[in-house]
Amino acid sequence: MSSASVVRGPRDVAELLARARAMAGRTVGELAAERSMYLPRDMRHAKGLVGILVEHTLGVEARDRSTAAPDFEHLGVELKTIPLDRRGRPRESTFVCHATLARIAETDWERSDVRRKLARVLWVPIESERELRLADRRIGAPLLWSPTGDEEAALRADWEELAGLVGVGAIERIDARMGHVLQLRPKAAHGRVRTIGHDEDGAPIEVGPRAFYLRATFTERIFGAASTLPTSVA
DNA sequence: GATTGATCATAC
DNA sequence: GTATGATCAATC
């Protein structure tokens with residue numbers, strides 16, 4: 001494999017999986033060196049960097065960002081890295097997608113960005129103990145996942161509750177404690193960012209941008225169900 | 001220790 | 001400025 005070359009997109013899911021499996025056991029430092037990517041010492045300045053690195057390594061191509069299409073659009077597969085602790089449990093919630101507050105009331109679960117993104121996900125675990133240097137973190141075995149019937153029902157219920165509240169102008173009453181598996185949380189470069197929402201009367205109001213996230217308790221079950229870990233979390 | 005709200009980097 | 005890639009850090 002030549003260094004820093006652009007990786008072409010995988011032809012099919014089998015090729016994508018083969019590439020992902022080939023990454024397993026390698027370190028973030030190795031992958032970064034191949035792609036001539038600089039790794040900051042401080043994780044504070046490296047948020048999202050491993051995600052981009054894995055995208056490039058697997059061949060996610062530049063694409064239209066104006067629609068919420070999955071990373072591998074022609075395969076219908078979304079790529080997500082997920083930080084795991086030494087017990088194999090997710091250390092963080094998982095960003096799903098931006099919430100289009102002004103328009104969310106016009107859609108439904110079936111046509112939602114959340115459902116489209118999560119229809120099929122290639123999870124790439126990253127060994128992520130806090131004290132482990134970024135370059136030394138290893139890539140784990142990938143997992144191609146689609147929601148089970150129960151999982152989709154849970155996602156749908158949360159989405160409908162949250163989107164419903166946004167739709168009736170009650171966004172200010174939503175906080176991250178809502179949602180059993182799916183949350184709506186702030187998502188912005190900094191605290192002064194504002195976007196347009198609507199109040200109860202349909203009048204435009206300025207609110208902080210929000211995004212959908214999967215709770216760690218939800219993603220933990222995904223890995224628990226398929227995991228080869230010696231003990232699952234009772 | 002887990003969770004919520006805030007924040008950081010990059011592409012366009 | 002918006003959206004995607006996430007993790008940090010204050011708080012519970």
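Chain letters run A, B, ... following the sequence lines, proteins first and then strands; every chain starts at 1.
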List the atom pairs, with distances to 0.1 Å, where a side-chain N or O of residues 139-147 of chain A and a protein N or O form a donor-acceptor pair under 3.5 Å, not counting sequence neighbours.
{"from": "W145(A)", "atom 1": "NE1", "to": "E151(A)", "atom 2": "OE1", "distance (Å)": "3.3"}
{"from": "S146(A)", "atom 1": "OG", "to": "A119(A)", "atom 2": "O", "distance (Å)": "2.8"}

Give the table of side-chain donor-acceptor pairs shorter than 3.5 Å for residues 17-26 of chain A, with sequence neighbours excluded, one pair per line with atom names and distance.
{"from": "R19(A)", "atom 1": "NH1", "to": "R8(A)", "atom 2": "O", "distance (Å)": "2.7"}
{"from": "R19(A)", "atom 1": "NH1", "to": "L58(A)", "atom 2": "O", "distance (Å)": "2.9"}
{"from": "R19(A)", "atom 1": "NH2", "to": "R8(A)", "atom 2": "O", "distance (Å)": "3.2"}
{"from": "R19(A)", "atom 1": "NH2", "to": "E15(A)", "atom 2": "OE2", "distance (Å)": "3.0"}
{"from": "R26(A)", "atom 1": "NE", "to": "E30(A)", "atom 2": "OE1", "distance (Å)": "3.3"}
{"from": "R26(A)", "atom 1": "NH1", "to": "E34(A)", "atom 2": "OE2", "distance (Å)": "3.1"}
{"from": "R26(A)", "atom 1": "NH2", "to": "E34(A)", "atom 2": "OE2", "distance (Å)": "2.9"}

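Only D175(A), A176(A), R177(A), Q183(A), R185(A), P186(A), K187(A), A188(A), A189(A), H190(A), G191(A), listed by number, bring a heavy atom of residues 161-193 of chain A to less than 4.0 angstrom from any atom of DNA chain B.
Put simply, the side chain of V181(A) reaches to within 4.5 Å of the side chain of R221(A), judged on heavy atoms.
Among dA9(B), dG5(C), dA6(B), the nucleotide with an atom closest to any side-chain atom of E55(A) is dG5(C). Relative to the side chain of H45(A), the nucleotides dA6(C), dA3(C), dA9(B) differ in distance, and dA9(B) lies closest. Here the side chain of T217(A) is nearest to one of dA6(C), dT3(B), dT7(B), namely dT3(B). Among the nucleotides dG5(C), dC8(B), dT7(C), the one closest to the side chain of P83(A) is dT7(C).
For E110(A) and R115(A), the salt-bridge test passes: some basic side-chain N is under 4.0 Å from an acidic carboxylate O. A salt bridge links E131(A) with R86(A); the closest basic N to acidic carboxylate O contact falls under 4.0 Å.
Put simply, the side chain of D42(A) gets close to the backbone of R44(A): a donor and an acceptor are under 3.5 Å apart.
Residue P40(A) is out of contact with every strand shown, counting any heavy-atom pair closer than 4.0 Å. Using a 4.0 Å heavy-atom criterion, one finds that R210(A) contacts no nucleic acid atom at all. Counting any heavy atom pair closer than 4.0 Å across all strands shown, G51(A) reaches sugar-phosphate atoms only and no base atom.
At least one side-chain nitrogen or oxygen of R215(A) sits closer than 4.0 Å to the OP1 or OP2 atom of dT4(B). Phosphate contact (OP1/OP2 of dT7(B), side-chain N/O of K47(A), threshold under 4.0 Å): absent. Put simply, T81(A) has a side-chain N or O that comes within less than 4.0 Å of OP1 or OP2 on dA6(C).
In terms of polar N and O atoms assigned as donor or acceptor, the side chain of Y38(A) never comes within less than 3.5 Å of the base of dA9(B) in a complementary pairing.
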